[in-house]
Amino acid sequence: MRKALLITAAVLALASGDALAKKQLVIVVKGLDNPFFEAINQGCQKWNKENASSEYECFYTGPASTSDEAGEAQIVQDMLGKADTAAIAISPSNAKLIAQTIKTSNPSVPVMTIDADLAAEDSALRKTYLGTDNYLMGVRIGEYIKKAKPNGGKICLIEGNPGADNILRRAQGTRDTLTGKKGLTELKGEGGWTEVAGCPVFTNDDGAKGVQAMTDILAANRDLDAFAIEGGWPLFGAPQPYRDLFKPMAKRLASNDFVIGAADTIGDEVAIAREGLVTALVGQRPFEMGYKAPSVMMDLIAGKKVDDPVFTGLDECTKDTVDTCIQK
């Protein structure tokens, strides 16, 4: 009798555990080593706290390193193979690789992108994109640079992963704005702007690598006029080396003799703007992305109409606006 009771209790415990198990609204980011993505995680966790009684749970994951493209693809494949995955939001490090992973996995659950999108030709593989209007972000960076240097000059674009669609869109927005021409992949004097040899620089989202690249570019091009940093990695990923590099150029930055337009407003970036070591920051809202993503995934699961894309806003900061530039 005692044995039967124990077996019954075990069965009930398992049944109870199954009943309590939540369906997963998965967010897969490029890498867990990037504070930008940790802000997405904080938004995801806030949603969980506010929806503790929901049958769904926001689950945040990604490879340890942002440079691990294959690792992200493997995690996407694994998550799509799990029975408790109800929907997935992916920030593709390599848009083509993630698109192929989705095709191979042939998912039965809704797939969306967050922060970074798939290439236009693969957009049918996901239901919607949630995040920054990356082309507009690049436009804003270009506008600040062009305003400071209306006659043009020599410039270097600092980019991230060469396969990251979001960064490529920002770079295109910057080039289009500086030149007034659409679709140029390299500036050779259009609108007065020329990209120097060795640029754009692809840093694979590594802040220290970005600062070293800028150090090398400045050494090789004493007449350089501007940097367009299409992701904030050098500022938030290596803030002290960044400061050390540009403190000697503070007067040139203050007079717009040298110009730096950079993406993002996280980590030390706003403090760096306050110090006058960047001309302007154009920031995203990663917390908002993480907070909104579960609700968007639930709408997709329910078959509701969801806009495509779903844009989050931009925060724009200069030395004069640092106290009021971030959305609260």
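Just so you know, these numbers use all the heavy atoms, side chains as well, and skip hydrogens, waters and symmetry mates. For this chain, numbers begin at 1 and follow the sequence in order. Everything numeric in this text was worked out from a predicted model, so none of it was measured.
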Search all heavy atoms of K30 against all heavy atoms of D205 and return the closest pair with its distance.
CD-OD2, 4.2 Å
Please give the remaining members of the hydrophobic cluster of L97, linking ILVMFWY side chains under 4.5 Å, ordered by chain and number.
none
Reported CZ-to-OG1 distance for the pair F59 and T85, which is rounded to 0.5 angstrom
8.5 Å
Any ion pair linking E143 and K146 (charged N to carboxylate O, less than 4.0 Å)?
no
Restricting to non-hydrogen atoms, name the atom on D176 and the atom on L184 that form the minimum distance, rounded to 0.1 Å.
OD1-N, 4.2 Å
Report the relative orientation of the aromatic rings in F246 and Y242; use parallel for angles under 30°, tilted for 30 to 60°, perpendicular for over 60°.
tilted
Are T132 and P286 side-chain neighbours, meaning at least one heavy-atom pair lies under 4.5 Å?
no
May I ask you to say whether D133 pairs ionically with R169, meaning some side-chain N is under 4.0 Å from a carboxylate O?
no
Indicate yes or no: does E121 engage K96 in a salt bridge with an N to O separation below 4.0 Å.
yes
Indicate the atoms forming the closest heavy-atom contact of G210 with P234, along with that distance.
CA-CG, 4.1 Å
Here the pair of heavy atoms bringing V109 nearest to A86 is CB-O, 3.4 Å
In terms of heavy-atom contacts, I27 and G290 come closest through CD1-O, 4.2 Å
Regarding K82 and D78, does a basic nitrogen lie under 4.0 Å from an acidic carboxylate oxygen?
no
Charged N to carboxylate O below 4.0 Å: is that the case for E230 and R175?
no
SB check D308 K127 (cutoff 4.0 Å)
no
